[in-house]
Amino acid sequence: MDNYIGKHLLVDCYGCRPSSIDSSPDLLAAMIDAAEKIGMTLKENFCHESEDEVIIAAYGDKSHICVHAYPQLCYAAVDIYSFDADLKPTRAMVMLRNYFHPEKIRATSVKRGNINPDMKPNIHSKSTTMHKFKNTGHQMSAAGKKVASYIVHRNEKRGGLGPE
C-alpha cells in the first residue's frame with residue numbers, strides 16, 4: 001500500500017481574462033482567499049511584477065501556492081503544493097479557475113512523499129558489467145573490420161597506388 005502524504009497540482013490556464021491576471025494585489029487577494037478556503041494557513045507571500053510577468057507566491061506550513069501570470073499571453077501557470085493529507089489542492093484550483101475565467105485548463109496532479117516503510121528501489125538490470133564490456137569489445141572489433149575493409153576496397157579502386 002502506498003502512503004503518499006504530499007500533493008502537488010500544476011495547472012495551466014489558457015485564454016485567461018487579462019484583467020484578472022495583470023495586477024499583483026488582485027492575484028494575491030485571490031490566492032489568499034483560495035488558500036483560506038482549503039484550510040491552508042499562510043505565513044508569507046511574495047510578489048514580483050515586471051513589464052510582461054506577474055509572479056505571486058504564498059507560503060504556509062508544509063504548503064505553497066504560486067502563480068506565474070503573463071497577461072499579454074492570457075496565460076497563468078498555477079502551482080499548488082501541500083504536504084498535509086487533509087488539504088485538498090483541487091479545491092483551490094477550482095476557486096482560482098473561477099477567478100481567472102480561462103477558456104481551457106490542463107491540470108497535472110503528482111503524488112509526493114511515499115512514506116511506505118517497505119518501499120524498496122525498483123531495480124531492473126538486464127546485463128552485467130562483464131557483458132557490457134564484451135559487447136563494447138565486439139562492437140569495436142566490428143567497426144575496425146569495416147574500416148579495414150573500406151581501406152582495402154579504396155586501394156583496389158585506385159590500383160594499389162598507396163597513400164593519396
Common cluster, Val54/Ile32, ILVMFWY with side-chain heavy-atom separation under 4.5 Å: yes
Val11 side chain near Arg106 side chain, heavy-atom distance below 4.5 Å: no
Value rounded to 0.5 Å, distance of OH in Tyr14 from CD1 in Ile105: 10.5 Å
Sidechain-backbone polar pair: Ser20 side chain, Pro18 backbone, donor-acceptor under 3.5 Å: no
Test item: Ile21 and Phe100 side chains (from C-beta on) under 4.5 Å apart, heavy atoms: yes
Donor on one side chain, acceptor on other, Asn45 and Tyr59, under 3.5 Å: no
Interatomic distance, Ser24 atom OG to His48 atom NE2 [nearest 0.5 angstrom]: 10.0 Å
From Met40 atom CE to Ser82 atom OG, the distance as rounded to the nearest 0.5 Å: 5.5 Å
From CD1 (Ile55) to CG (Leu27), nearest 0.5 Å: 11.0 Å
Shared hydrophobic cluster, Met31 / Met95 (ILVMFWY, side-chain heavy atoms < 4.5 Å): no
Check against side-chain contact (heavy atoms from CB on, under 4.5 Å), Lys37 and Arg91: CA-CA 8 Å; Lys37 294 285 190 221; Arg91 290 184 188 156; over 6 Å; no
Donor-acceptor contact present, side-chain Lys7 to main-chain Phe83, <3.5 Å: no
Heavy-atom neighbours of Lys62 NZ exceed 12 at 6.0 Å: no
Hydrophobic cluster membership, Ile80 vs Leu42, 4.5 Å side-chain cutoff: yes
Close side-chain approach of Val78 and Cys66, heavy atoms under 4.5 Å: no
Gap between atom CG of Asp12 and atom OG1 of Thr108 - 0.5 Å precision: 7.0 Å
Verify same cluster id: Tyr99, Leu28 (apolar side-chain graph, 4.5 Å): yes
Aromatic plane relationship, Tyr81 with His8 - under 30° parallel, 30 to 60° tilted, over 60° perpendicular: perpendicular
Residue Glu44 excluded, over 12 heavy atoms near CD under 6.0 Å: no
Spacing of CG belonging to Leu10 relative to CE belonging to Met93, to within rounding of 0.5 Å: 11.5 Å
